Number of protein chains: 2
Amino acid sequence: MTTQHSDRTAPHEDKPRWLDADQQQLWRAYLEGTVRFVEAVSREHEERSAVSLNEYELLVRLSESPGRTLRMSALAEGLARSRSRVTHTVARMEARGLVRRSATDGDRRGVDCVMTEEGHRTLVEAAPAHVAAVRRFMVDVLTPEQFQALGEAMASVARACREDHEI
Amino acid sequence: MTTQHSDRTAPHEDKPRWLDADQQQLWRAYLEGTVRFVEAVSREHEERSAVSLNEYELLVRLSESPGRTLRMSALAEGLARSRSRVTHTVARMEARGLVRRSATDGDRRGVDCVMTEEGHRTLVEAAPAHVAAVRRFMVDVLTPEQFQALGEAMASVARACREDHEI
DNA sequence: CGTGCGTGGTTGAATGTTCAACCAGTTGTC
DNA sequence: GACAACTGGTTGAACATTCAACCACGCACG
């Protein structure tokens with residue numbers, strides 16, 4: 001693992017010094033942690049479930065919405081994904097019978113995405129493995145205080161990103 | 001099978017209650033924060049730089065290695081990406097003159113990836129915008145204590161994931 | 001030696017994502 | 001009420017990633 005990081009010799013000269021050494025280390029830990037975490041959770045989905053992590057998250061959103069229904073744009077916004085990506089994903093899931101599309105009433109531009117019974121069943125089947133993975137790789141390895149600090153910090157980050165994007 | 005479950009009552013009924021309400025909220029914040037953050041930083045790269053966030057991270061690894069060189073497998077492991085993915089990415093970057101491949105000496109199976117002068121120049125040009133984005137969307141919106149807690153928590157998560165993967 | 005197995009890396013096809021162009025419907029404005 | 005600008009969504013081609021099959025080399029053991 002190449003976390004060799006040093007001021008002593010040439011190798012590091014290239015990187016502008018933009019955080020002090022301690023901060024660098026924290027930043028690296030953040031990077032590695034997030035990527036390994038989604039990797040680990042995704043792996044669980046591939047191995048044990050009929051839907052990918054992405055699809056699972058989409059189903060979760062639908063399951064939480066009244067009528068198990070959400071507009072395409074609301075889905076995209078809620079998942080922080082491009083509209084195009086959601087269109088394609090939903091198309092594939094529709095072909096598998098997990099969701100179904102229907103016109104939004106009131107606004108004829110809109111399209112509602114509705115979770116089917118089959119989609120619901122799939123979600124329920126996938127949930128335990130998902131939950132177990134999140135526990136195993138995150139919740140259970142942190143103290144409650146750490147988990148809370150993590151959530152609060154990321155809430156601030158999310159807000160900053162959201163604000164910037166909207167402007 | 002049109003066994004309508006009670007759609008209109010508790011919208012949340014579907015999701016097994018696997019974390020208490022507060023924890024749910026923290027978990028959601030984590031999810032949203034991480035995805036919006038990479039989205040925001042990526043956007044900066046698309047807009048202001050010649051390399052994507054992925055390619056940038058690869059160049060950073062090389063810049064930190066002696067001789068600006070790393071074996072393909074070391075790159076893959078360090079970046080937590082599949083070997084295949086690194087092969088393809090490096091192929092594209094090689095075509096653009098950012099890196100170059102050469103045989104590892106001592107082990108004729110191995111391939112070294114070397115950052116070129118051009119690649120180095122590109123990295124140096126891209127760095128300020130990258131740094132600014134990370135500061136703007138994360139470091140500057142957190143207190144030092146928050147940032148530290150975040151880094152430490154993710155270090156634990158990373159360790160848990162790594163251990164699981166190796167076994 | 002030779003055979004078998006593990007490692008390092010590539011390949012190409014299938015799959016998923018992005019990007020830009022587009023269509024249809026809505027809203028505002030004069 | 002007509003026209004421009006905006007919103008919601010789709011399309012298809014370009015691009016990126018994954019997956020499984022594969023090749024070449026190294027290592028161990030008979």
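Just so it is clear, the model here is predicted, and its values are computed rather than measured. In what follows, chains carry the letters A, B, and so on, assigned in the order in which the sequence lines appear, proteins first and then strands, with residues in each chain numbered from 1. Any value given below was found using the heavy atoms of this structure, including those in side chains, with hydrogens, waters and symmetry copies removed.
Counting non-hydrogen atoms under 4.0 angstrom, B:Glu55 reaches nothing in the nucleic acid.
With sequence neighbours excluded, the residues that form a salt bridge (Lys or Arg N to Asp or Glu O under 4.0 Å) with A:Glu118 are A:Arg121. Remark: B:Arg135 pairs with no residue by the side chain to side chain donor-acceptor pair (under 3.5 Å) rule, at least two apart or across chains. Remark: B:Arg81 engages B:Asn54, B:Glu57 in a side chain to side chain donor-acceptor pair (under 3.5 Å) (not counting sequence neighbours). Shown here are the salt bridge (Lys or Arg N to Asp or Glu O under 4.0 Å) partners of A:Arg136, two or more places apart in sequence or in another chain: A:Glu44, B:Asp164. Partners of B:Glu94 under the side chain to side chain donor-acceptor pair (under 3.5 Å) rule, at least two apart in sequence or in another chain, are B:Arg101. Taking the salt bridge (Lys or Arg N to Asp or Glu O under 4.0 Å) definition, one finds that A:Arg96 meets it with A:Glu55, sequence neighbours left out. With sequence neighbours excluded, the residues forming a side chain to side chain donor-acceptor pair (under 3.5 Å) with A:Arg43 are B:His165, listed by chain and number. For B:Glu117, the salt bridge (Lys or Arg N to Asp or Glu O under 4.0 Å) criterion is met by B:Arg68, not counting sequence neighbours.
Contacts between residues 79-95 of chain A and DNA chain D, counted as heavy-atom distances below 4.0 Å, involve A:Arg83, A:Ser84, A:Thr87, A:His88. Taking every heavy atom of residues 96-110 of chain B and every atom of DNA chain D, pairs under 4.0 Å involve B:Asp107, B:Arg108, B:Arg109, by number. Contacts between residues 36-43 of chain B and DNA chain C, defined by a heavy-atom separation under 4.0 Å, are absent.
Here A:Ser73 reaches the OP1 or OP2 of D:dG9: one of its side-chain N or O atoms lies under 4.0 Å away.
For the pair A:Glu47 CD and D:dT18 P, the interatomic distance rounds to 15 Å; values are reported in whole Å.
Under a 3.5 Å cut-off, the side chain of A:Gln23 and the backbone N or O of A:Asp20 do form a donor-acceptor pair. Panel note: side chain B:Ser156, backbone A:Leu142; no donor-acceptor pair is recorded below 3.5 Å.
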Applying salt bridge (Lys or Arg N to Asp or Glu O under 4.0 Å) to A:Glu152 and A:Arg159, what does each step give before you reach the verdict?
CA-CA 11 Å; A:Glu152 284 170 1; A:Arg159 192 177 332 110; over 6 Å; no
Run A:His45 and A:Ser52 through side-chain contact (heavy atoms from CB on, under 4.5 Å) and show every step you take.
CA-CA 6 Å; A:His45 277 265; A:Ser52 73; 5.6 Å; no
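Hydrophobic clustering keeps A:Leu70 apart from B:Val35 (ILVMFWY residues linked when any side-chain heavy atoms are closer than 4.5 Å, directly or through intermediates).
Boundaries of the chain A contact region on DNA chain C are C:dG16 to C:dT26, first to last in 5' to 3' order (nucleotide atom under 4.0 Å from a heavy atom).
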